[in-house]
Amino acid sequence: MKAKIHVTLKSGILDPQGKAIEHALETLGFKNASNVRMGKYLELDLRETTQDRAEAEVKAMCEKLLANTIIEEYRYELNT
Amino acid sequence: MNFGVIVFPGSNCDHDCTHVISSVLGQKAVPVWHKETSLAGLDAIILPGGFSYGDYLRTGAIARFSPVMGAIKTFASEGGMVLGICNGFQILLEAGLLPGAMLRNQSLSFICKDVHIKVENAATPFTGLCESGQVLKIPIAHADGNYYTDPVTLAALQANAQIIFRYCTPDGKVTPDANPNGSLDNIAGIRNAEGNVLGLMPHPERCAEDVLGNDDGRVIFLSMLDALKEAKLKTVVA
């Protein structure tokens, strides 16, 4: 099973990198872009075939290491 | 007194710390490799600055799982004095020994310069020899020093006098302009509720002797030594 995990700063927490990217986009003429949020993308293979157990394991990984839940939120997809 | 200086892969201020402990304080500095699981015989612990594990994932996120961290948690829970400087502070946050988290500096730049910090609480083992409100000039060197915590935790930090250092102007005014990195409430250093664990972003070990042209950082190490001696005296008397 493959897990695709996105970690981003929680909404409401200032994202200086997102702001800088937004400004750069605007400078380049992309005036329609707003609320840019910069995050991390992680991919991993999981030796687990049960959807429920895989989900529980990925969630535990996010809570324990991959995201700092004081400032970040995470979401994931699982594909067989 | 015996000061343990923890060495993670990527620590780079450990030698500065051991130098200050041995040459400036005249005490014993013991480098402790991060794989150690015992801190027996040590009176205080310093987590030095650097780039543990290359700052991969988040600053301090991987170092917090080093074997020595279990021993540090026990040491701290028994009242032992733990000082985290810069990356050491970031590791203490990730480990949950101090509340909050670090965000990227608001400017997105790595900032390496002298800043001024105000001693907001001089009644701690780390600042006992300072005057309350004293201004120290100490260098910072970091990209992730923008302290953040939720409003409830911030209120608790303020109410319990856990904010020990705030970024300020040279004459001690805590203003937005004096804040180098966007840190919440100009926070440069905090302690835990019990008062025996302190983290700060500035580097006192880089300015602890006259020959460097600035010895403002020395008072933090001297305060620690003073507190340790006092504690030892108490146990002898008891």
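Throughout, a chain's letter reflects where its sequence line sits, starting with A, and its residues are numbered from 1. Keep in mind it's a predicted model, so treat the numbers as computed, not measured.
Remark: A/Phe30 CZ is loosely packed, at most 12 non-hydrogen atoms of other residues, nucleotides or ligands lying under 6.0 Å away. Residue A/Lys40 qualifies as enclosed at atom NZ: its count of foreign heavy atoms under 6.0 Å is above 12. Around the NZ atom of A/Lys2, the shell of radius 6.0 Å holds more than 12 heavy atoms that belong to other residues, nucleotides or ligands. In A/Asn32, the CG atom is not crowded: 12 or fewer heavy atoms of neighbouring residues, nucleotides or ligands sit closer than 6.0 Å. Counting heavy-atom neighbours within 6.0 Å of B/His15 NE2, excluding the residue itself, gives a total of 12 or less. Applying the 6.0 Å contact sphere to CG of A/Asn35 captures no more than 12 heavy atoms from other residues, nucleotides or ligands.
Closest of all the heavy-atom pairs between B/Arg64 and A/Lys64 is NH1-O, 3.7 Å. The two residues B/Leu108 and A/Gln17 have their closest heavy-atom pair at CD2-CG, 3.3 Å. Taking both residues in full, the closest heavy atoms of A/Leu14 and B/Leu103 are given as O-CD1, 4.5 Å, listed atom of the first, atom of the second, then distance. When every heavy atom of A/Ile71 is checked against every heavy atom of B/Tyr148, the shortest pair comes out as CG2-CD2, 3.4 Å. Across every non-hydrogen atom of A/Pro16 and B/Arg104, the tightest pair is CG-O, 3.9 Å. Closest heavy-atom contact between B/Glu94 and A/Asn68: OE2-ND2, 3.2 Å.
Note: B/Met102 CE to A/Ile70 CD1 = 11.0 Å, rounded to the nearest 0.5 Å.
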Applying side chain to side chain contact (heavy atoms under 4.5 Å, CB included) to B/Gln106 and A/Lys19, what does each step give before you reach the verdict? CA-CA 10 Å; B/Gln106 217 160 57; A/Lys19 280 267 176 257; over 6 Å; no
